[in-house]
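Here's the structure, in structure tokens; my notes come after.
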Amino acid sequence: MAADRRRKEMKVMAASHWLVKSEPNSYSYADLERDGRTVWDGVRNNAAALHLKAMKEGDEVLFYHSQEGLAVVGVARVVRTAFPDATDPAGRFVAVELAPIRALAKPVTLAAMKAEPALAGMAMLRQSRLSVSPVSDAEWDVILKMAA
DNA sequence: GCCAACGTTGGC
DNA sequence: GCCAACGTTGGC
């Protein structure tokens, strides 16, 4: 039983991967590189907020450009776990802080991801409006390979 | 608690 | 600019 609990804790503690969307018009990956780190706030969706709350320091995050670009363009890292979003007057939602790790050598386009059978189950493809979504280890590896 | 109306996101 | 998906709101 103790072993069971330990296994569960290990699972919870294991590093996870995520994907966040941003319109480059309002905040691009280049902006993140320029700023060094940024508060990821303004998320007003419960499912997305749950994912923000599940993020741990050091988790790696794919940075996706929506509306324009339509591609994963960089990798970021969680540098501060969830805290109350100061831009939410009702105080219901949370924010995290992200820092840039690197821009991808080759952006991975939405079209390429849709065309890749290994990514058919990806959360962001199945629920296109979700602005913060989990990425499985397998999906993560596939996408980084596509970016090489 | 249901459901229609409405608003927002995001791809095309 | 349109439309699909989907979340939220508000009347009942």
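First the proteins, then the strands, lettered A, B, ... as listed; each starts at 1.
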Would the number of heavy atoms belonging to other residues, nucleotides or ligands and lying under 6.0 Å from CZ of A:R34 be above 12? yes

To the nearest Å, give me how far apart CE (A:M122) and P (B:dG11) are. 12 Å

Rounded distance in Å - CG (A:L19) to C1' (B:dT9): 15 Å

Is the shortest heavy-atom distance from the side chain of A:F93 to the side chain of A:L52 under 4.5 Å? no

Within this structure, what is the CG-to-P distance between A:L130 and C:dC6, rounded to whole angstrom? 10 Å

Of the nucleotides C:dC6, B:dC12, B:dG10, which has the atom closest to the A:K114 side chain? B:dC12

Using 0.5 Å steps for rounding, measure from the CD atom of A:E116 to the CE atom of A:M122. 11.0 Å

Spacing between A:E68 atom CD and B:dC12 atom C1', to the nearest angstrom: 14 Å

Could you check how far CZ of A:R126 sits from P of C:dC6, rounded to whole Å? 10 Å

What's the CG-P distance between A:N25 and B:dG10, to the nearest Å? 13 Å

OP1 or OP2 of B:dG11 under 4.0 Å from side-chain N/O of A:Y64: yes

How many Å lie between CG on A:N45 and P on C:dA5, as a whole number? 17 Å

Once rounded to the nearest 0.5 Å, what's the spacing between atom CG of A:N46 and atom NZ of A:K53? 8.0 Å

Has A:N46 got a side-chain N or O lying under 4.0 Å from the OP1 or OP2 atom of C:dT8? yes

Does B:dG10 have its OP1 or OP2 closer than 4.0 Å to a side-chain nitrogen or oxygen of A:Q127? no

Nearest-angstrom distance from the residue atom CZ of A:R129 to C1' of B:dG7: 9 Å

